Each structure stands twice: as structure tokens, then as C-alpha cells.
Amino acid sequence: MVDLHIWAFPVNLIVAIGLFALSIVLYFRKPVRNLFLGCEAGIVSCVLMALFALSLFVEGTFSVTVHRSIPFTVLMLFSVCWLNMVVVDAFSRRRGVAYLLVHAGLLLMLAGGFYGAPDVVRGQTTVDGRHDTDILFTKDGVTMLPFSMKLKEFRTEYHDDGVSPKQYLSEITVDGVDMVTSVNHPARTESFSIFQADYDKEAGLYSILLVVHDPWLPFVMLGILFLAIGTLLSFKRIWQHRLVLLLVLVIALVFGAISLARIRLGHLMPALRSIWFVPHLLVYMLAYSLMAVSLVLAAVSMFKGVGSGFVSGKFAYRGMDRASGLSVADRLSLLSARLLETASGLLMLGMLCGMVWAWRAWGDWWAWDPKECWAGVTVIITLIFSHMPYYRKGWRLFLVVLAAFLAMQMTWYGVNYLPSAEFGLHTYNMG
């Protein structure tokens with residue numbers, strides 16, 4: 001395992017600057033640029049994403065701490081270096097706003113999480129009304145906070161039925177200053193965030209708080225914003241086909257109405273009472289629905305017969321219908337591919353909403369939770385498809401959509417039966 005302490009500030013900052021400088025030097029060496037950003041760039045990106053998917057699969061399924069291993073550290077360093085070159089190339093060659101924002105956002109997220117991990121302080125403390133405390137219990141032991149806290153009052157708010165908990169709140173004093181922290185609404189002092197983690201379920205005499213210090217978080221959040229905007233802008237290209245846009249709108253209305261009808265918004269548990277819950281759920285449900293339709297269309301197109309395929313997103317003209325310009329199988333494949341690309345973008349947006357929500361609720365935007373890992377596997381499979389430089393129709397298209405659909409089923413249902421999910425965040429053990 002990699003000892004994160006050796007990467008702590010200022011070492012991580014020096015490494016970040018040095019790796020960026022190295023990326024610039026490599027970019028201006030034509031053979032290297034052609035290798036990683038030329039016609040074979042799709043292969044490089046697919047290999048990197050496949051390795052990330054494998055890491056997420058292992059960690060999410062078997063609870064093996066892959067992200068602290070030496071191979072994963074090497075993968076992260078190489079990926080950050082490669083993304084540095086991609087972003088520089090996007091600036092210099094003006095590859096489009098959506099392309100730039102997506103890759104710059106991904107770079108900021110990965111770099112912020114990777115470089116910043118050694119500087120994160122995360123631990124729990126118990127506060128009561130009898131005395132102040134400045135002791136924080138972390139995974140590495142005990143550390144002292146630069147402030148002291150004391151509990152004034154803990155209370156539970158209920159829904160109208162008087163039984164279902166609506167919110168858990170702790171009124172605390174931090175160095176004599178009154179604050180309130182509750183589920184999804186952390187308090188903030190200096191550079192620390194204070195989250196409601198647990199409480200005395202018998203008498204409410206004490207409250208367990210999670211305290212987090214993450215100085216690299218602004219880079220991550222800026223990356224999430226860039227990636228979200230870039231993903232939204234990318235839909236303009238995908239939805240140029242009116243039939244695709246029509247299908248997306250119809251499915252969005254149908255499954256959006258069904259999903260909202262099944263959610264009891266009036267009696268949600270505190271962990272689910274977040275402004276990010278509804279968009280997170282609806283976007284994912286729409287993506288799953290589009291993926292299912294894409295799978296059916298890919299299967300039908302495969303059995304109807306295919307032409308030679310299309311490269312770089314454009315069909316090769318073979319076996320065409322004279323009236324339409326494309327055979328029925330080709331048109332079905334094209335529609336299936338566009339729906340899968342739409343689902344990929346929606347999965348990304350749903351994951352980004354979940355990241356912000358996770359930070360607001362648990363103080364960690366990516367906790368390597370089994371459901372998070374499998375959601376990442378699903379997104380990566382769809383992204384590999386969009387970066388494939390090879391034919392994207394017929395049995396190849398069907399296998400990609402099928403793999404993404406099965407990964408989605410594992411995310412939605414299967415992880416609940418994995419031993420690794422017993423204490424996962426998505427079990428909502430904190431009411």
C-alpha cells in the first residue's frame with residue numbers, strides 16, 4: 001500500500017507542478033504528441049478507462065483497497081499527465097468548448113482527489129453538553145482540532161405523522177460561536193466542515209459529528225462544474241437527429257412521471273432530503289431507460305443484418321436503401337448508438353449530482369462505496385464506446401450496450417447482495 005503521508009503538502013504540490021511541466025515538454029515533442037493525441041488517441045483513452053473500470057470492479061466487488069496500491073498510483077500519474085496534454089491540445093487546436101470543459105473538468109477532479117488525498121483530515125468526535133472537546137478520532141489515530149466544540153442541544157424533527165424522522169440537528173458552540181449542523185447541511189468553521197453523523201438514540205444526550213478538512217476540495221468542485229457544463233453542451237451534437245431528441249423527450253416524460261409517482265417526497269428520511277436527490281434519481285432513471293431502448297434497437301439491428309460498419313461515428317455506405325440512404329439495420333444501429341451516447345452523458349450528470357450530494361451528506365465526494373464503484377464501471381463502459389475508433393454497429397454495438405446494461409443492473413440491484421455493500425453509504429444506516 002502507498003503511504004499517503006509521503007505525498008502530503010508541499011510534496012503533492014511540487015509533484016503536480018512537475019508533472020504539468022513534464023506534460024508540456026512531452027506535448028511539444030511531435031512523436032509523443034502523435035502517439036497520445038493523434039489518430040491512436042482513442043486507443044490510449046480506451047486502455048486507461050478500461051484499467052480504471054477494472055480497478056473499480058475489483059474494489060467495489062471484493063472490498064480490496066485498490067486505490068491505495070502502487071499500480072493504481074502509477075495509473076493516476078499517467079492519466080493526469082495524459083489529461084494535461086489533452087487540455088493543452090484542446091486550447092491550442094480549438095477542439096470545441098464542450099471537449100475542453102469535459103477534459104479540463106475530469107483533470108481537475110482526478111488531480112484534486114489524487115494530489116489532495118494526503119492533506120485531507122477526516123474523523124469523528126462526540127460532543128455533549130457537559131464539556132468542550134477538541135479531540136478528533138481519525139483512521140490514523142487521534143488528532144487535535146484547532147477549535148473546541150460543545151453540544152447545546154440535539155433534536156429530531158418529525159414529519160406530520162409524528163413518527164417518521166424528518167431531520168436530525170445538533171446545536172453546537174464552536175469556540176463560543178453558536179452553529180447548527182444537520183444531515184445534508186454541514187456547519188462551517190475556518191477550513192473545516194462539521195457534519196451530523198450519529199447521535200444518542202436513547203436519550204439524545206450526545207451527538208457524534210464528522211469533521212472534515214479538505215483544502216483541495218475547490219479544485220474538485222470546479223472540475224465537477226466544468227464536467228457538467230461540458231456534458232450538457234455535448235448533447236447538442238448527439239441530438240442533431242430529431243428522432244433521437246423525440247425519443248429522449250418521450251422517455252423522459254414517461255419515466256420521469258413514473259419515478260416521481262413512486263417517490264414519497266413527503267416522508268423521505270433525513271439522508272434523502274437533499275435538493276440533489278430528485279435530479280440524481282431522475283437523471284439516472286432516464287439514463288437506464290434509454291440504455292434499455294438502445295439495447296433492444298442494437299439487438300434488432302444485429303439480427304436484421306449489418307453493413308461494414310462506420311468509423312469515427314459515420315456509417316460506411318454499403319447495402320443502403322436507395323430511398324433513405326441507409327439500410328434499416330444501419331438506421332437502427334445509428335439510433336441505438338445515439339441513445340447510448342445520451343445515456344452516457346446522463347449517467348455522468350447523475351454521478352456528478354451524487355458526488356455533490358455525498359459531500360453535503362457524508363463529507364466525501366467519492367468514498368469507494370460498492371454502488372459508487374459499479375456506477376463508475378457503467379459510465380466508463382459507455383465512455384469507452386464513445387472513444388472507440390473502430391466500427392460501432394452490429395454485434396460490436398450490441399455487446400457494448402449489453403455490457404453497459406448488465407453493469408447497470410449490477411449497480412441497481414446486484415451490489416445489494418455483495419458482502420462489500422453491508423456497510424456501504426447507500427444502505428443509509430444514518431436514518
Side-chain angles (χ1 to χ4, degrees), residues 23 27 33 36-46 48-49 52 79-113 219-249 252 279-280 282-284 286-287 290-291 294 310-315 334-356 375-376 378-389 392 400 404:
S23 304
Y27 176 77
R33 184 171 68 247
F36 292 113
L37 301 175
C39 59
E40 302 300 326
I43 298 178
V44 175
S45 59
C46 287
L48 290 177
M49 287 187 288
F52 271 108
S79 299
V80 170
C81 183
W82 181 73
L83 281 171
N84 283 333
M85 289 190 287
V86 171
V87 172
V88 172
D89 184 68
F91 268 114
S92 62
R93 299 192 183 186
R94 299 180 181 180
R95 292 185 176 271
V97 177
Y99 180 91
L100 173 61
L101 287 177
V102 165
H103 290 88
L106 186 59
L107 172 61
L108 286 170
M109 284 177 56
L110 290 182
F219 293 98
V220 175
M221 291 300 169
L222 183 61
I224 290 176
L225 178 62
F226 282 0
L227 188 51
I229 295 174
T231 301
L232 288 171
L233 292 176
S234 68
F235 287 140
K236 180 180 179 181
R237 174 188 60 82
I238 302 172
W239 292 348
Q240 288 177 346
H241 300 268
R242 294 182 180 180
L243 182 57
V244 176
L245 180 58
L246 179 61
L247 273 175
V248 172
L249 291 176
H280 173 70
L282 289 183
V283 169
Y284 263 128
L286 175 57
L290 292 174
M291 197 179 298
S294 175
F310 68 97
V311 182
S312 301
K314 295 183 180 180
F315 277 101
L334 179 60
L335 184 56
S336 174
R338 290 291 183 261
L339 290 180
L340 181 61
E341 289 178 329
T342 301
S344 178
L346 292 173
L347 287 173
M348 179 63 71
L349 291 175
M351 180 176 291
L352 295 177
C353 289
M355 288 177 177
V356 179
T378 307
V379 173
I380 290 175
I381 291 174
T382 62
L383 290 177
I384 289 177
F385 168 78
S386 66
H387 287 76
M388 284 172 60
R392 301 194 297 173
V400 171

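Scope of the values below: all heavy atoms of this structure, side chains included, with no hydrogens, waters or symmetry mates. None of these values were measured; they are calculated from a predicted model.
Closest non-hydrogen pair, Ala90 versus Leu100, comes out as CB-CD1, 3.7 Å. Here the shortest heavy-atom pairing between Leu340 and Ser294 reads CB-OG, 3.7 Å. The two residues Leu48 and Ser79 come nearest to each other via the heavy atoms CD2-OG, 3.9 Å. When all heavy atoms of Thr378 and Ala404 are compared, the pair lying nearest together is CG2-O, 3.7 Å. Heavy atoms only, all atoms of each residue included: Leu233 and Ala98 are closest at CB-CB, 3.7 Å. Looking at every heavy atom in both residues, His280 comes nearest to Gly350 through ND1-O, 2.8 Å.
Atom CZ of residue Arg94 and atom CG of residue Asp89 lie 13.0 Å apart, to the nearest 0.5 angstrom. The CH2 atom of Trp82 sits 11.0 Å away from atom CG of Leu107, with the distance rounded to the nearest 0.5 Å. Between atom CE of residue Met348 and atom CG of residue Leu232 there is a gap of 12.0 Å, rounded to the nearest 0.5 Å. Remark: Leu383 CG to Leu106 CG distance equals 9.0 Å, nearest 0.5 Å.
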Passes side-chain contact (heavy atoms from CB on, under 4.5 Å), Val248 versus Leu339? Steps please. CA-CA 8 Å; Val248 172; Leu339 290 180; 4.2 Å; yes
side-chain contact (heavy atoms from CB on, under 4.5 Å) evaluation trace for Val86 with Phe36: CA-CA 9 Å; Val86 171; Phe36 292 113; over 6 Å; no
Could you walk me through whether Tyr27 and Asn84 pass the side-chain contact (heavy atoms from CB on, under 4.5 Å) test, one step at a time? CA-CA 9 Å; Tyr27 176 77; Asn84 283 333; over 6 Å; no
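Two residues are said to be in side-chain contact when any heavy atoms from C-beta on lie closer than 4.5 Å; Leu286 and Leu290 meet this criterion. The shortest distance between side-chain heavy atoms of Arg95 and His103 does not fall below 4.5 Å. A 4.5 Å side-chain heavy-atom check between Tyr284 and Leu347 finds at least one atom pair inside the cut-off. Using a 4.5 Å heavy-atom cutoff, the side chains of Phe226 and Met109 are not in contact.
Of the possible polar contacts, one joining the Thr231 side chain to the Leu227 backbone as a donor-acceptor pair under 3.5 Å is found. In this structure a side-chain-to-backbone donor-acceptor pair under 3.5 Å is present from Thr342 to Arg338.
The aromatic rings of Phe235 and Trp239 lie parallel to each other, their planes meeting at an angle below 30°, with 60° marking the opposite boundary.
Environment of CZ in Phe52: crowded, with over 12 heavy atoms of neighbouring residues, nucleotides or ligands closer than 6.0 Å.
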